[in-house]
Amino acid sequence: MGSYLNPGNEKFRQCLNSEIYIDKTGLIKYCSRVMDSLQKYICMSRPRRFGKSVTADMLAAYYSRGCDSSELFAGYEIAKDEDYAKHLNQYHVLFLNMQEFLSRTDSMEKMLGRLKNRAIRDLVREYPQADYYDKQDLIGCMQDVYDETKIPFIIIIDEWDCIFREYSTKKEAQKMYLDFLRDMLKDKGYIALCYMTGILPIKKYGTHSALNMFDEFSMTFQGELAQYVGFTEEEVRGLCERYDMDFEETKRWYDGYCLEGVGSVYNPRSVVSAMRFGKFQFYWNQTETFEALRTYIDMNFEGLKDSILKMMDGRNGVAVDVRSFTNDMVTFHSKDDVLTLLVHLGYLGYRSDTQEVFIPNEEILNEYITSISNSDWGEVSRALKNSREALNAIWNRDEALVAKAVEEAHFENSYLQYNDENALSYTISLAFYVARNYYTVIKEFPTGKGRADIVYLPRKHAADKPALLVELKWDKTAESAVSQIKEKCYPKALEDYKGDLLLVGISYDEKTKEHQCRIEQYPIG
């Protein structure tokens, strides 16, 4: 075994030895099915913390010569396949982690030189008897080894796109890298399979790609490989039962990546952390700071901030055209390109049937809140920062302070027109945004005699907090809002709720430009 040629199975063994491992070996069946065919080139991109390297290590452990992995895969899905033994540890595997080579060099020329030299050294050490025409030529050496052994290569490339993230503005370096990959991979008889994984889909130049032989599976299209992207709902249910964790709360925090054919897909890293530590919290930001998101949502494209605010408000998804995205991190022509990048980075989910994007879960929503709170979004940033104080004002029944908080959250030059109760509803959501940490927020809550504008129901961990029944009025008084709640018997819709209940009326006078608030405690039972 070498460092890059036939690296063995130790890394995958460590994965299996971990406290939590979810069986994704079924992906191997697909890879073996397309092997040595025109579909042998696979690029499977997905966000950080979605198990890209684990998958690459799994493929290396299964296919790589020089080790025996039968014990590792026994009992897992792939072992049931009729061709399981046919492909097990039967191929030359060349495993290249591009981030490793990039981090050890300071130019594309040096990076590719180091990669070639290290790979060639492994080839020559493993097969010193081969008749090498040129020991400085990696492609030629691979062909020479194939001619000697008649055993084809499987190429596994992890972090394939790191060049486009770290050399984001160096077009010539990017082109040199793509040309190298094309020359090494395309139309080569010594290759039985090539599997690349990273965050971004393959970079386009104009309307063409240097690597147009690849089938691409990304967060906008995963096809039949969708079940191998993250944890499925069934898998998460099983973990919740095993670790005695609340499934609905797990879903709220980490679900939301809706992939066609599979439905709900969960962030694996965050779910594993929540199960192991027995706590729901923001695990995403332990490996990436909010500035990564802030860079993109601060871009000055028309309608971008409006779309972000709409998604944060919990409204329907935002329509997006993902086709114009050029698969890098600097070339943007419209808000659609920015939103598409956020899908690939995991900051947005994507529904292929409706072609809409949305904020997938509570964990990612927190990233938007943190980013905007620390950005220059004017009243929006201030309202998010002050939302905890505003929520405390409701709990303390401080009507004047609540009205002031709503006033500060309202801005005349809004991205959403401030001219009716729907716009007032948005302002309320912004002013009390932190309430989502304690409440399930339901808009247009059916009551039997109408619909309450907003209802805040305490979550399990916040059972000591009062429920909030909020009614909004435009050009009427806050007192009339509370009166409507009582006259139409809205609280009866919460008759199964046993805790405290506050009736909150909020109004806006278009002439005086002033907000008012009225809060009453409602007796339950």
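Small disclaimer: the values here were computed from a predicted structure and weren't measured.
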Practice problem: Apply the side chain to side chain donor-acceptor pair (under 3.5 Å) test between S53 and each candidate in D158, N97, T197; give the one that qualifies. | Solution: D158

Practice problem: Would you kindly say whether K52 and S45 are connected by a side-chain donor-acceptor distance under 3.5 Å? | Solution: no

Practice problem: Give a yes or no on whether the backbone of F164 and the side-chain of S168 come within a donor-acceptor separation of less than 3.5 Å. | Solution: no

Quiz item: Can the ring centroids of F301 and Y296 be said to lie less than 6.0 angstrom from one another?
Solution: no

Quiz prompt | Which atom of D337 lies closest to which atom of F325, heavy atoms considered | solution = OD1-N, 3.4 Å

Quiz item: Do the rings of F50 and Y257 sit parallel, tilted or perpendicular, given the 30° and 60° boundaries?
Solution: perpendicular

Quiz item: Should we count CG of N17 as having more than 12 external heavy atoms under 6.0 Å?
Solution: yes

Practice problem: Specify whether F282 and W253 have parallel, tilted or perpendicular ring planes, treating 30° as the upper limit for parallel and 60° as the lower limit for perpendicular. | Solution: tilted

Quiz prompt | Stacked cation flag R351 on F358, 6.0 angstrom / 45 deg | solution = yes

Quiz item: Can we call the ring centroids of Y439 and Y456 under 6.0 Å apart?
Solution: yes

Exercise. May I ask you to check whether over 12 heavy atoms, not counting those of D464, lie within 6.0 Å of atom CG?
Key: yes

Quiz prompt | Sub-6.0 Å ring centroid separation between W395 and Y438 | solution = yes

Quiz item: Does E260 CD have over 12 foreign heavy atoms under 6.0 Å away?
Solution: no

Quiz item: Do the rings of Y30 and F217 sit parallel, tilted or perpendicular, given the 30° and 60° boundaries?
Solution: perpendicular

Practice problem: Please assess R518 against E479 for the test salt bridge (charged side-chain N to carboxylate O under 4.0 Å, His left out), listing each intermediate value before the final yes or no. | Solution: CA-CA 6 Å; R518 176 67 176 159; E479 287 79 4; 5.1 Å; no

Quiz item: With a cut-off of 6.0 Å (strictly less than), are more than 12 heavy atoms of other residues, nucleotides or ligands near CG of N300?
Solution: no

Self-check item: More than 12 heavy atoms from other groups under 6.0 Å of CD on E224
Solution: yes

Quiz prompt | Within 45° cone of F95 ring axis and under 6.0 Å: K11 NZ or CZ | solution = yes

Quiz item: In terms of side-chain heavy atoms, does D298 have a donor or acceptor partner in W377 at a distance below 3.5 Å?
Solution: yes

